[in-house]
Amino acid sequence: MKRVWSLLVLVLLLSCSKERTTRNPYLQEIGFQFEINLNLPSYNPLTNPGSSIQIPNGQVGTRGAIVSNTGFDVFRVFEASCPNHAPNNCSTVELDGTVVTCACEGYEYSAITGQMLNRPDDGNRYYDLLEYRASYNGGDIIIISN
């Protein structure tokens, strides 16, 4: 019996990953909850798959949020602050279609996936957009939270 426990402990220790998730050092993760009513005119574009909108600063997140309808009643929400430097006067991203651009360096991100589209090949660490949770029950309300 002692041998079985020793083997079990050894297996558990070896199966633990030494990799840790690297959090973005530039953006704070603040707690919030925000509801989007798809019946309101400012959020109505989200009823169309492939569409994205920007929610201004002060309502959600640090600098606002980018919300996209990726299709099949799935919504993705990203922080509207450039993830590759500390928030400053030019770090609020701008949405153009499904491309999000940081005015500071011209970095571009996908509003659908949050991935950086023009990642420099210089060996430095670059971050994708910070994603928030989005809950949708198939009705008219999307709940964004962190």
Side-chain angles (χ1 to χ4, degrees), residues 7-146:
L7 183 60
L8 181 61
V9 169
L10 180 64
V11 168
L12 288 175
L13 288 174
L14 292 176
S15 66
C16 292
S17 173
K18 291 181 175 51
E19 285 188 35
R20 292 185 177 170
T21 302
T22 304
R23 300 303 308 159
N24 187 318
Y26 302 115
L27 300 176
Q28 291 182 345
E29 293 197 36
I30 56 176
F32 66 88
Q33 183 169 327
F34 183 78
E35 288 187 8
I36 293 176
N37 185 337
L38 296 176
N39 291 323
L40 296 175
S42 57
Y43 303 127
N44 191 262
L46 289 173
T47 59
N48 301 314
S51 63
S52 300
I53 65 163
Q54 187 163 357
I55 300 173
N57 185 17
Q59 295 181 2
V60 58
T62 302
R63 297 273 176 151
I66 306 295
V67 183
S68 298
N69 179 341
T70 62
F72 302 104
D73 292 335
V74 176
F75 295 88
R76 296 196 68 185
V77 182
F78 300 99
E79 169 60 43
S81 185
C82 185
N84 287 296
H85 55 81
N88 60 34
N89 60 351
C90 69
S91 66
T92 301
V93 297
E94 297 174 13
L95 176 66
D96 183 15
T98 59
V99 176
V100 176
T101 305
C102 178
C104 298
E105 302 89 2
Y107 294 150
E108 295 180 340
Y109 305 87
S110 167
I112 304 297
T113 66
Q115 291 180 317
M116 189 175 199
L117 301 174
N118 59 345
R119 190 178 310 270
D121 190 20
D122 59 7
N124 291 328
R125 171 75 162 109
Y126 292 93
Y127 296 90
D128 295 324
L129 293 175
L130 177 65
E131 188 166 10
Y132 296 132
R133 284 184 293 279
S135 301
Y136 180 64
N137 64 1
D140 298 324
I141 304 294
I142 302 167
I143 299 174
I144 301 169
S145 62
N146 191 26

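Because the structure is a prediction, the values reported are computed rather than measured.
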Contacts of N48 that satisfy side-chain contact (heavy atoms from CB on, under 4.5 Å) - sequence neighbours left out:
S51
Distance from S91 atom OG to E105 atom CD, nearest 0.5 Å?
9.0 Å
Would the distance check show the side chain of R119 and the main-chain N or O of Y126 forming a donor-acceptor pair, the cut-off being under 3.5 Å?
yes
Please check: side-chain N/O of S68 versus main-chain N/O of A111, any donor-acceptor pairing under 3.5 Å?
yes
Does a side-chain heavy-atom distance below 4.5 Å link S110 with T98?
no
How many angstroms lie between OG in S52 and CG in D96, if you round to the nearest 0.5 Å?
10.5 Å
Do L129 and R76 make a side-chain contact, defined as non-hydrogen atoms from C-beta onward lying under 4.5 Å apart?
no
Mind checking the CZ-CD1 spacing from F78 to I112? Nearest 0.5 Å is all I need.
8.0 Å
Separation of L117 CG from D128 CG (nearest 0.5 Å):
9.0 Å
Listed by chain and number, what are the ring pair (Phe, Tyr, Trp, His ring centres under 6.0 Å) partners of F75, not counting sequence neighbours?
Y136
A side-chain contact here means heavy atoms from C-beta on lying under 4.5 Å apart; do Y132 and F32 qualify?
yes
Nearest 0.5 angstrom please: Q59 CD to F34 CZ, how far?
4.5 Å
Assess whether atom CD of Q28 is packed by more than 12 heavy atoms of other residues, nucleotides or ligands within 6.0 Å.
no
Compare every heavy atom of L27 with every heavy atom of P87, then report the nearest pair and how far apart it is.
CG-CD2, 4.2 Å
Below 4.5 Å, heavy atoms only, C-beta onward: do I53 and I55 meet side chain to side chain?
yes
Just so I know, are the side chains of R63 and V93 near enough to count as touching, which here means a heavy-atom distance under 4.5 Å?
no
Taking atom CG as the centre, does D121 end up with more than 12 heavy-atom neighbours from other residues, nucleotides or ligands that are less than 6.0 angstrom away?
no
Do C104 and N88 make a side-chain contact, defined as non-hydrogen atoms from C-beta onward lying under 4.5 Å apart?
yes
Only distances under 3.5 Å count here; give the side-chain donor-acceptor pairs of residues 137-146 to other protein atoms, sequence neighbours excluded, each with its distance to 0.1 Å.
from : atom 1 : to   : atom 2 : distance (Å)
N137 : OD1    : G139 : N      : 2.8
D140 : OD2    : N39  : ND2    : 3.0
N146 : ND2    : I30  : O      : 2.9

Considering only heavy atoms from C-beta outward, does the side chain of Y109 approach that of C82 to under 4.5 Å?
yes
Can you tell me if E79 uses its side chain to pair, donor with acceptor, with the backbone of G61 under 3.5 Å?
no
Quick one: does any side-chain atom of N118 pair with a main-chain N or O of G106 as donor and acceptor, under 3.5 Å?
yes
Could you check whether any side-chain heavy atom of I66 comes within less than 4.5 Å of a side-chain heavy atom of L95, counting everything from C-beta outward?
yes
